[in-house]
Amino acid sequence: MIRITFPDGAVREYQKGITALEIAKSISEGLARKVLAASVNGQVWDATRPIEDDSALKLLTWDDADGKSTFWHSSAHLMAEAVESLFPGAKFWVGPAIDKGFYYDIDLGGRQITEEDLAKLEKKMNELVKQNSSYVRKSIPKAEALAYFTEKGDEYKLDLIGGLNDGEITFYTQGAFTDLCRGPHIPSTGPIKAIKLTNIAGAYWKNDSNNKMLTRIYGVTFPSQKELDEYLAMLEEAKKRDHRKLGKELGIFTMDDDIGPGLPLWMPNGTIIIEELEKLAKETEQAAGYKRVVTPHIAKENLYLTSGHLPYYQDGMFPPMELDGTKYYLKAMNCPHHHKIFSAEPRSYKDMPLRLAEYGTCYRYEQSGELFGLMRVRCLHMNDAHIYCSREQFAAEFRAVNDMYIKYFKIFGIEKYVMRLSLHDPAKLGQKYINEPELWLETEDMVRKVLIESNIPYVEVPGEGAFYGPKIDVQIWSTIGREFTLATNQVDFAQGRRFKLEYTGADNAPATPLIIHRAPLGTHERFIGFLLEHYAGKFPTWLAPLQVKILPISDKFMDYANTLLQSLKNADIRAEVDDRNEKIGKKIRDTELMKVPYMFVVGEKEVNENKVAVRRQGKGDLGSMDIDTIINQLKHEIATRSSDQE
RNA sequence: GCCACUUUAGCUCAGCUGGUAGAGCAACUGAUUUGUAAUCAGUAGGUCGUUGGUUCGAUUCCGACAAGUGGCUCCA
């Protein structure tokens with residue numbers, strides 16, 4: 001007998017070799033039907049795998065993340081079975097569960113798969129589900145596994161096995177399909193009730209662009225059709241807040257073939273948002289002791305040779321233009337220009353820290369396939385600044401930058417993000433990373449301490465640092481689930497030396513400053529793209545391109561509306577009168593759809609009482625108010641940058 | 001850059017198997033003077049992404065290019 005400990009602490013005895021599924025059955029048939037896998041001593045196992053020793057057991061169902069991913073991974077195998085039956089000779093690489101669903105990378109031997117084939121595959125999978133085949137685990141000696149796939153001529157699985165040790169190779173079979181797989185899997189195909197193959201994509205073998213491209217099929221499955229329907233409905237909802245769609249609808253930005261890919265044109269409404277953001281940045285930076293600078297959009301080749309960007313990142317820059325035998329580049333970053341401002345005058349320790357800020361325009365030649373609405377563009381405006389400081393000042397400066405992030409995030413209500421602390425890889429010192437082991441450890445430690453003391457949750461990622469120092473990235477996700485760095489805060493102990501930046505210390509000796517690169521509001525492009533999705537287009541009043549729309553009941557009240565408009569303008573509130581010859585219902589509908597925060601409805605009653613009927617976007621009629629009262633309320637809401645959506 | 005798909009009026013989309021295009025909304029004009037999410041009528045608007053080819057004839061078939069979309073790679 002073995003002793004099984006359950007999550008609630010209960011301990012029961014069972015026959016040695018019993019499976020999690022059998023244990024579930026002994027509790028209730030209903031539970032057994034729901035069990036997808038089991039956590040045995042913290043490891044995810046097949047629910048059908050015999051348990052030989054005393055163990056801590058947790059039965060995993062659809063409600064557990066590990067249960068879901070087991071379900072999806074098994075679905076990938078099911079899809080592979082369908083692919084093999086429809087495309088005989090297909091070779092399979094890997095088919096993992098992902099955040100939402102699964103994929104399988106497949107070599108179809110030069111054949112193409114189309115959208116229609118996905119429907120066929122779904123149909124085949126549904127047939128296979130009806131057979132309710134068990135997923136059978138089998139341990140295979142390495143030699144036997146190699147022989148099996150050598151005979152099959154499957155170089156991909158042979159490659160995988162090559163990296164495994166004898167004794168840790170398992171095969172899983174369901175129905176007619178056998179695959180090399182670590183597992184675990186759900187007991188059988190039956191529970192996969194709802195299947196949707198979402199898209200086809202190319203994916204490089206082993207994620208290396210030098211390798212062959214495999215066909216990747218993405219899919220998602222659920223235990224019931226209802227859940228699939230809900231998921232698809234959710235995707236439809238997400239599409240509605242896609243910044244590319246909203247950006248067009250709200251007149252924020254546009255793209256034009258004649259301008260070029262990745263070069264957004266900011267329309268008047270978008271420009272208002274840009275100006276509000278810059279106002280916020282200027283206020284904040286001025287209060288924090290920054291000095292604003294302005295630098296040209298181009299510079300000579302030599303600058304980027306000094307910075308080290310040209311040898312490493314030339315592919316990311318627009319090709320140079322040649323004038324009088326000298327090459328000029330569009331700037332892809334502002335730092336070298338700012339360094340030159342630092343070195344333009346002799347600096348003393350009394351000038352430090354020197355904080356130079358600029359909403360700098362940069363051009364980056366992003367690969368065509370990488371461009372994505374406003375989130376990934378070739379012309380960007382960066383909320384950039386460089387802080388030159390001594391080592392002693394560094395921690396305080398870095399912390400102040402961090403505080404600025406938090407302040408901004410509070411204003412915008414940004415809560416769903418991950419702070420990523422990117423560190424160096426000691427093995428690559430001198431190659432990918434500047435060879436200053438002590439400085440790396442010292443600055444990494446300083447950064448880590450700031451994060452901990454500021455009580456900011458973060459994840460550490462070794463091998464992701466910049467070549468000149470560790471950094472913090474703020475990772476966010478677009479509505480369609482793509483990950484982006486919204487903002488970045490970087491330590492740089494290399495550029496100072498490359499540019500021979502110096503200041504005279506209190507001891508009269510020259511010293512090289514540490515540099516902090518920071519962009520808490522990222523770029524206008526990405527930040528506004530993010531905000532569009534974050535707010536679903538419903539900007540808080542201070543950011544809204546149009547803050548108040550005055551809606552006269554009929555044109556009899558136009559004079560009153562125009563007087564009101566003047567009062568709003570005098571109070572620096574962005575307002576317009578809807579002077580169209582339309583019914584009030586139509587005016588309200590159109591204004592709601594344009595997501596204007598406030599509507600002032602004025603008719604006979606309001607004129608007589610010298611009031612306005614206030615309507616809040618998305619909330620409806622707020623009743624009638626005195627003009628001064630509502631204007632003062634709006635002024636306050638705007639001045640405090642309230643994100644209150646009441 | 002790579003794989004796949006898409007590209008018809010300002011927007012959203014129709015347009016069996018090739019015979020030079022249609023709706024709704026928006027725009028414009030007129031009527032209506034309206035009370036909290038679409039008043040009615042009329043008018044105008046398209047070299048069917050660009051460019052080669054096949055064909056008596058191409059929006060429709062094939063190729064190239066461009067832009068976009070979903071991924072992959074990349075992201076200083």
Side-chain angles (χ1 to χ4, degrees), chain A residues 98 103 105 108 112-115 117-118 198-218 239 242 244-245 248-249 254-262 304 307-317 331-336 362 364-373 375-377 380 464-468 471 473 480-485 488 490 492 495 517 526 551-558 580-593 599-606 613-624:
Chain A
I98 51 175
Y103 67 77
D105 283 348
L108 292 167
Q112 276 186 6
I113 191 164
T114 63
E115 303 282 336
D117 292 324
L118 290 187
T198 46
N199 50 10
I200 310 163
Y204 295 111
W205 182 43
K206 294 188 176 180
N207 289 340
D208 184 337
S209 57
N210 295 314
N211 284 343
K212 181 173 178 172
M213 185 157 264
L214 304 175
T215 302
R216 175 173 294 181
I217 306 176
Y218 284 89
K239 272 190 197 155
D242 188 313
R244 292 165 297 186
K245 183 175 158 64
K248 178 178 278 243
E249 286 170 0
T254 189
M255 300 276 195
D256 189 285
D257 280 2
D258 287 337
I259 303 290
Y304 300 110
S307 71
H309 287 106
L310 213 40
Y312 297 108
Y313 306 111
Q314 190 163 19
D315 289 349
M317 297 175 76
K331 70 174 170 185
M333 66 297 296
N334 304 302
C335 28
C362 299
R364 299 182 179 183
Y365 192 76
E366 303 287 358
Q367 296 185 60
S368 59
E370 276 311 312
L371 301 172
F372 178 73
M375 299 290 206
R376 195 77 182 271
V377 292
L380 42 101
E464 284 289 316
F467 76 90
Y468 47 65
K471 59 176 181 171
D473 292 322
I480 64 164
R482 219 180 274 190
E483 182 177 352
F484 289 97
T485 299
T488 184
Q490 313 181 344
D492 179 349
Q495 296 268 320
H517 305 236
R526 192 170 286 178
L551 310 178
I553 296 289
S554 82
D555 57 15
K556 282 192 280 189
F557 313 108
M558 280 302 292
R580 295 176 305 164
N581 184 1
E582 291 287 353
K583 292 175 80 169
I584 191 66
K586 170 71 166 164
K587 291 182 182 178
I588 286 172
R589 177 183 159 78
D590 289 347
T591 313
E592 286 278 349
L593 291 175
M599 281 154 268
F600 288 0
V601 178
V602 293
E604 192 169 353
K605 211 171 90 193
E606 286 71 29
V614 179
R615 185 187 166 100
R616 185 71 167 91
Q617 201 277 342
K619 265 216 106 185
D621 197 353
L622 299 185
S624 151

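Keep in mind it's a predicted model, so treat the numbers as computed, not measured.
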Can you check the distance between [N] and [M], where both ends of the measurement are the [atom1] atom (answer in whole Å)?
N     : M     : atom1 : result
B:G24 : B:U39 : P     : 16 Å
B:A67 : B:U50 : C1'   : 10 Å
B:G49 : B:A38 : P     : 35 Å

Symbol by symbol from the 5' end, with Watson-Crick or G-U pairs under 3.5 Å, [ ] crossing and | another strand, RNA chain B is (((((((..((((.....[..)))).(((((.......))))).....(((((..]....))))))))))))....
Listing time: all N or O pairs from protein to nucleotides 1-11 of chain B that are below 3.5 Å?
unit_1 : atom_1 : unit_2 : atom_2 : d
B:G1   : OP2    : A:S368 : OG     : 2.5
B:G1   : N9     : A:Q367 : OE1    : 3.0
B:G1   : N7     : A:Q367 : OE1    : 3.4
B:G1   : N7     : A:G369 : N      : 3.3
B:G1   : N2     : A:Y204 : OH     : 2.5
B:C2   : O4'    : A:Y204 : OH     : 3.2
B:C3   : O2     : A:G202 : N      : 3.1
B:A4   : OP1    : A:Q112 : NE2    : 2.7

Using side-chain contact (heavy atoms from CB on, under 4.5 Å) as the criterion, list what pairs up with [X], not counting sequence neighbours.
X      : result
A:F557 : A:P552, A:I553, A:S554, A:E604, A:V607
A:K206 : A:W93, A:D159, A:N211
A:S209 : A:Y204

Under 4.0 Å between any heavy atoms, over every strand shown, what does [X] touch: base, sugar-phosphate, or nothing? Just pick one.
X      : answer
A:R526 : nothing
A:Y218 : sugar-phosphate
A:F467 : nothing
A:R244 : sugar-phosphate
A:N199 : sugar-phosphate
A:Y103 : nothing

What's touching nucleotides 35-37 of chain B from the protein side, N or O pairs under 3.5 Å?
unit_1 : atom_1 : unit_2 : atom_2 : d
B:G35  : O6     : A:E604 : N      : 2.7
B:G35  : O6     : A:K605 : N      : 2.9
B:G35  : N1     : A:E606 : OE1    : 2.8
B:G35  : N2     : A:E606 : OE1    : 3.2
B:G35  : N2     : A:E606 : OE2    : 2.7
B:U36  : O2'    : A:R615 : NH1    : 3.1
B:U36  : O2     : A:R615 : NH1    : 3.1
B:A37  : N7     : A:R615 : NH2    : 3.2
B:A37  : N6     : A:E592 : OE1    : 3.0

By nearest heavy atom, map A:E582 and A:Q490 onto RNA chain B; which one lands nearer the 5' end?
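The residue whose closest nucleotide sits nearer the 5' end is A:E582.
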Is the distance from OP1 or OP2 of B:C74 to the nearest side-chain N or O of A:R376 less than 4.0 Å?
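No, no such contact exists.
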